[in-house]
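The structure appears right after this line, and notes come after that.
Order of the sequence lines sets the chain letters (A, B, ...), proteins ahead of strands, with each chain counted from 1.
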Amino acid sequence: MDFLSGLNPPQQEAVRHVEGPLLILAGAGSGKTRVVTHRISNLICNHRVQPESILAVTFTNKAAGEMRARIGSLLGSLMPPGRGPRLATFHSFCVQLLRRDGSALAEWRPNLTRQFLIYDDDDQLAVIKGLYKQHSIDDKVLPARQALSAISAAKSGRDGASGLAKYDHTPLGKYVAALYEQYNEALIAANALDFDDLLLETARLLRSHEPTRRAWNDRLQFLMVDEYQDTNRTQYELVRMLSGNRNNVCVVGDEDQSIYSWRGADIRNILDFERDFPNAKVIRLEQNYRSTKNILEAASSVIANNTERKGKWLWTDSGSGPKITVYQAMDAENEALVIADQIEKGLRKNPGWRVAVLYRTNSQSRQIEEALRRYRRAYNIVGGLSFYQRAEIKDVMAYLKVIFVPSDPVSLLRIINTPARGIGKTTTDHIEQHAREHKITLWKAMGEMLEYRMLPGRAEVALRAFRHLIEELQAKAGDVPLQVLVSEILERTGYLRMLKEDRDPSAETRIENLNELLNAAAEAHARGDNAANFLDHAALVSDADGVDENSQVSLLTVHNAKGLEFPLVFLAGMEEGLFPHNRSKDSAAMMEEERRLCYVGMTRAEKELHISHAQTRRRWGGGPEEAAMRSRFIAEIPKELCDFQGLPPADAISGEMDQLGAEGEVDLFSERGYVRETVKWTQQRAKTPYPGKTYNSVENIAQFFKDRGLPPPGVPRSSAPAPAKAPPMPPAPRPPQAPVPIRPPVAQPPQPFSKPPVKRKSGGEGSTVNHPKYGRGTVVRKEGDGEDAKLTVMFPGHGLKKLIAKYAGIKIDE
DNA sequence: GGTTCGTTACTTTTT
DNA sequence: GTAACGAACC
């Protein structure tokens with residue numbers, strides 16, 4: 001079978017390459033995913049390579065899934081059913097390997113069993129804070145977060161623990177080294193691995209345990225690594241050891257897109273590849289298939305200011321396309337409104353386009369979200385606080401961990417008094433002290449103290465009841481499906497009751513999140529996952545996994561946009577101090593990374609790129625408006641490629657002024673008042689008065705619309721399982737009068753959402769169902785069939801609910 | 001022991 | 001604008 005057609009010569013060369021090391025320097029948009037998938041297919045189909053003996057490492061789980069799907073469709077029936085290449089991120093591959101062979105590590109890491117827990121960021125922080133408490137270290141002297149990042153840098157960096165030496169001469173020095181030791185000891189004692197450990201311990205296992213290494217070298221014949229420029233030292237070692245003597249290793253990367261040096265990524269891995277793997281073949285992919293000429297030239301001009309690069313100049317066959325608009329807003333609010341306005345205009349012209357708003361910091365999303373909500377435009381936000389990071393979800397997951405691994409101190413302390421059950425600080429302090437003194441786990445200490453009646457009466461009763469509760473759940477755990485266990489946790493621990501009795505409006509959203517968790521557990525069970533897989537999954541999902549292609553508008557950081565493309569891209573907040581970020585101003589190397597980040601952002605755009613910045617911006621809510629200068633990166637774009645718009649820039653070159661308003665149809669010269677007029681009109685049309693209160697947290701979005709008896713505008717947070725697309729809206733009457741534009745031309749307000757096509761079918765989309773709690777609702781979307789079908793149902797007064805037919809106990813009306 | 005309220009610091013980027 | 005913490009109350 002031919003996997004070469006439609007590819008350019010260097011792409012073909014890469015696909016044809018079989019044995020030996022290969023470095024593919026793939027510029028932005030040069031079709032590298034295509035090359036990788038075609039190459040894997042070629043190996044399987046034409047070179048009789050067993051699919052399982054290929055390991056391809058991607059940057060996100062989502063990228064792995066997409067690659068799997070593409071290879072599947074390339075090979076079709078040629079792929080033996082139920083088989084396929086191994087596709088994973090470094091972290092998830094390491095978890096698989098350690099869950100399988102990790103016991104051998106106990107020789108070097110006492111206590112380690114294959115049932116280890118994965119400690120995420122929160123867990124790590126809890127460990128540090130526990131140590132602080134133990135040693136009475138003041139968090140103000142050395143913020144726990146800072147200690148953690150120092151420890152992580154020491155673990156994953158090139159210098160190892162000696163990297164801590166730089167703290168020696170600081171007031172914190174005496175703590176850091178000790179903390180590093182004790183932190184690691186705590187994890188070892190808890191049979192837990194943090195993200196760094198997953199890589200480090202896998203490397204140690206392969207390095208030190210020959211049978212394991214040999215087995216994996218036999219198992220894996222071909223290795224591929226995507227985004228190689230963002231691998232760290234440990235990942236490099238893993239690549240070396242996994243490739244064995246064969247050196248059938250193919251790495252794909254672009255030094256201009258290296259944006260993770262701050263978490264240990266080492267650009268030398270790609271720069272030195274030819275030295276590390278002698279006889280490596282190098283292939284450059286320099287034809288860009290993604291962007292217009294203008295966008296590509298602008299991005300290339302920016303990145304050309306970096307010195308630390310191999311140097312290349314991408315080219316494209318495509319037309320020049322429109323100029324890049326550079327909009328100067330009065331303030332951040334205006335910037336957000338103008339972006340929302342431009343999204344409406346853009347989507348009216350090109351209804352099928354997917355749109356991304358990219359920014360440097362997550363906190364910038366708030367104002368953009370608010371602007372989009374004013375326009376009633378559904379959006380998908382990636383990152384920020386993800387589903388599995390929410391307190392209520394973490395609480396329930398902590399119960400699961402305690403049930404299966406009662407020795408885990410972090411989880412135990414998290415839930416021992418959540419909901420409040422009379423086990424207070426004094427009691428837990430006692431238990432912790434007892435555990436430390438006798439060098440036993442908290443769980444054991446708890447047992448001993450109960451056995452020997454070492455606690456005051458009230459505390460003892462409470463603690464005994466808690467222990468009993470956990471033991472009962474443990475007894476059940478093995479026998480029931482995961483979702484039943486989760487539901488038992490919610491009921492028996494009183495967690496659900498606690499939320500139901502909570503008058504705080506956010507409690508309701510949290511209950512909804514827990515329902516989502518139940519759904520997720522049911523799905524996991526249906527897939528054949530057990531509790532351990534479920535916990536692994538929760539720890540390893542990444543923000544970028546939450547990108548939803550079905551969503552028309554996505555909000556995300558530039559970091560999360562890596563590897564993605566959108567016809568219409570907004571790059572917001574291009575100001576000195578923000579992008580490039582203030583913290584990167586100290587060193588030239590960090591500034592170059594900011595520039596690479598800017599390059600990544602710009603090259604996401606296929607058709608149109610809109611850059612914006614504000615003259616003033618508040619650093620935080622209550623603070624003052626602070627003057628902001630536009631980013632140096634804007635100045636690095638050739639002026640003839642730009643269309644300068646918005647307020648006359650204070651720092652503008654006079655020639656730019658001529659451009660203002662000259663472009664005719666699309667005019668971005670919207671003062672705040674003008675955009676407000678547009679918004680007002682929009683709201684009249686949609687009959688959704690905007691009360692002036694800011695609904696700035698995700699929880700509040702649902703509330704906002706619920707209060708008004710309206711369906712929510714769309715997907716709230718990406719990481720939560722996504723509800724269906726925008727639900728039907730009541731038809732809006734025409735406004736009495738269009739606003740008098742302060743300046744020409746008028747922005748057309750967005751159209752109200754049209755009703756999705758209704759299929760009349762029993763239990764299908766459009767049919768009515770009856771739910772025991774929510775009453776009658778309309779099925780908006782249906783996935784799957786029979787009793788396993790997943791229904792997204794609109795319940796008037798309760799909003800959108802995603803249900804699994806079998807568990808929800810709903811009746812379908814005919 | 002639990003809850004409420006006021007103060008504080010906070011914003012890079014994330015597997 | 002808000003999350004996290006601690007003091008002061010119940």
Side-chain angles (χ1 to χ4, degrees), chain A residues 57-63 88-95 118-121 124-125 129 138-140 143-145 148-149 152 156 193-199 227 230-232 234-235 258-265 358-367 370 382-386 389 391 417-428 456 458-459 462 498 502-504 506 539-546 556-562 573 577-585 590 593-594 596-598 600-601 617-623 693-700:
Chain A
V57 182
T58 56
F59 204 68
T60 62
N61 297 298
K62 191 163 194 304
T89 64
F90 269 110
H91 289 87
S92 61
F93 173 75
C94 288
V95 169
I118 302 169
Y119 271 13
D120 68 11
D121 204 54
Q124 292 176 287
L125 218 50
K129 287 190 175 159
D138 187 352
D139 189 76
K140 289 186 183 71
R145 200 147 268 299
L148 188 59
S149 65
S152 175
S156 65
L193 301 177
D194 64 20
F195 288 129
D196 296 323
D197 288 332
L198 292 176
L199 306 175
E227 308 284 5
D230 281 325
T231 52
N232 67 20
T234 319
Q235 289 164 333
S258 161
I259 55 176
Y260 281 102
S261 73
W262 51 272
R263 66 170 204 214
L358 309 181
Y359 36 79
R360 177 71 233 274
T361 64
N362 278 308
S363 56
Q364 286 168 260
S365 75
R366 213 194 75 244
Q367 281 178 307
E370 205 180 302
V382 181
L385 185 63
S386 81
Q389 284 172 320
N417 201 33
T418 314
R421 50 171 72 90
I423 307 171
K425 192 170 169 303
T426 326
T427 312
T428 52
R458 266 221 311 213
M498 170 184 78
D502 195 337
R503 293 182 315 283
D504 194 310
S506 73
L540 294 175
V541 281
S542 69
D543 284 344
D545 293 331
L556 61 169
T557 61
V558 184
H559 279 93
N560 271 327
K562 184 161 123 152
L578 188 58
F579 199 177
H581 199 274
N582 254 334
R583 303 230 180 162
S584 300
K585 283 194 168 157
M590 286 163 90
E593 180 145 316
E594 293 285 316
R596 290 192 292 270
L597 193 58
C598 177
V600 168
R617 183 180 295 273
R618 288 182 213 276
R619 221 165 340 166
W620 26 73
K693 178 175 182 221
T694 48
Y695 282 77
N696 34 21
S697 84
V698 184
E699 278 70 21
N700 288 340

Worksheet item: Does Thr557(A) have a side-chain nitrogen or oxygen under 4.0 Å from the phosphate oxygens OP1 or OP2 of dT14(B)?
Response: yes

Worksheet item: Base, sugar-phosphate, or nothing: which does Ala544(A) touch, judged by heavy atoms less than 4.0 Å apart?
Response: sugar-phosphate

Worksheet item: Roughly how far apart, to the nearest Å, are dA4(C) and dT13(B) at atom C1'?
Response: 22 Å

Worksheet item: What does Arg145(A) touch in the nucleic acid at a heavy-atom separation under 4.0 angstrom: a base, only the sugar-phosphate, or nothing?
Response: nothing

Fill in: Asn362(A) vs dT11(B): side-chain N/O to OP1/OP2 distance below 4.0 Å
no

Worksheet item: Between Tyr260(A) and Phe59(A), what is the ring plane arrangement, given parallel below 30°, perpendicular above 60°, and tilted in between?
Response: tilted

Worksheet item: Given that Phe90(A) and Ala459(A) both sit by DNA chain B, which one's nearest nucleotide is further toward the 5' end?
Response: Ala459(A)

Worksheet item: OP1 or OP2 of dT13(B) less than 4.0 angstrom from a side-chain nitrogen or oxygen of Lys562(A), does that happen here?
Response: no

Worksheet item: Using a cut-off of less than 4.0 Å, is there contact between a side-chain N or O of Thr426(A) and OP1 or OP2 of dG1(B)?
Response: yes

Practice prompt. Please determine if a side-chain N or O atom of Asn417(A) lies less than 4.0 Å away from the OP1 or OP2 oxygen of dG2(B).
Written response: yes

Worksheet item: Between atom CG in Asp197(A) and atom C1' in dT15(B), what is the gap in whole Å?
Response: 13 Å

Practice prompt. Measure the distance from CG on Leu358(A) to P on dT13(B) and round it to the nearest whole Å.
Written response: 14 Å

Worksheet item: Regarding Asp545(A) and Ser542(A), is there a side-chain donor-to-acceptor distance under 3.5 Å anywhere?
Response: yes

Response to the item:
To the nearest angstrom, the CG-C1' distance between Leu125(A) and dA3(C) comes to 13 Å

Practice prompt. Round to the nearest Å and state the distance from Glu227(A) atom CD to dT13(B) atom P.
Written response: 20 Å

Practice prompt. Give Arg619(A) one of three labels, base, sugar-phosphate or nothing, depending on what nucleic acid heavy atoms sit under 4.0 Å from its own.
Written response: base

Worksheet item: Asn61(A) CG to dT14(B) P: how many Å, rounded?
Response: 15 Å

Worksheet item: When all nucleic acid strands are considered with a 4.0 Å heavy-atom cut-off, which category describes Thr60(A): base, sugar-phosphate, or nothing?
Response: nothing

Worksheet item: Are Leu199(A) and His91(A) side-chain neighbours, meaning at least one heavy-atom pair lies under 4.5 Å?
Response: yes

Worksheet item: Do the non-hydrogen side-chain atoms of Arg596(A) and Val558(A) ever get within less than 4.5 Å of each other?
Response: no

Fill in: N or O in side chain of Ser363(A) less than 4.0 angstrom from dG1(C) OP1/OP2
no

Worksheet item: Is the distance from OP1 or OP2 of dT14(B) to the nearest side-chain N or O of Ser542(A) less than 4.0 Å?
Response: no

Discussion item. Without decimals, in angstroms, what is the distance between Lys129(A) NZ and dC5(C) C1'?
Written reply: 9 Å

Discussion item. Quick test of the criterion, 5.5 Å between centres and less than 30° between planes. Is Trp620(A) stacked on dT2(C) or not?
Written reply: no

Worksheet item: Within a radius of less than 6.0 Å around CZ of Arg421(A), do more than 12 heavy atoms belonging to other residues, nucleotides or ligands occur?
Response: yes

Discussion item. Are the side chains of Gln364(A) and Leu578(A) in contact, using a 4.5 Å heavy-atom criterion?
Written reply: yes

Discussion item. Under 4.0 Å, heavy atoms only, any strand: does Phe579(A) hit a base, just the sugar-phosphate, or nothing?
Written reply: nothing

Item to complete: Take atom CG of Leu540(A) and atom C1' of dT14(B), then tell me their distance rounded to the nearest Å.
Response: 13 Å

Response to the item:
Across all chains, not counting sequence neighbours, the ring-ring contact (aromatic ring centres under 6.0 Å, His included) partners of Trp620(A) are none

Worksheet item: In terms of the nearest nucleotide of DNA chain B, which residue is placed more toward the 5' end: Ile423(A) or Arg263(A)?
Response: Ile423(A)

Discussion item. Rounding to an integer number of angstrom, what distance separates dT11(B) and dG6(C) when you compare their C1' atoms?
Written reply: 23 Å

Worksheet item: What integer distance in Å separates His559(A):NE2 from dT13(B):P?
Response: 9 Å

Discussion item. Applying a 4.0 Å non-hydrogen cut-off, can you work out what Asp121(A) is touching in the nucleic acid: base, sugar-phosphate, or nothing?
Written reply: nothing

Discussion item. Counting only side-chain nitrogens and oxygens, does Asn560(A) get under 4.0 Å of the OP1 or OP2 atom of dT13(B)?
Written reply: no

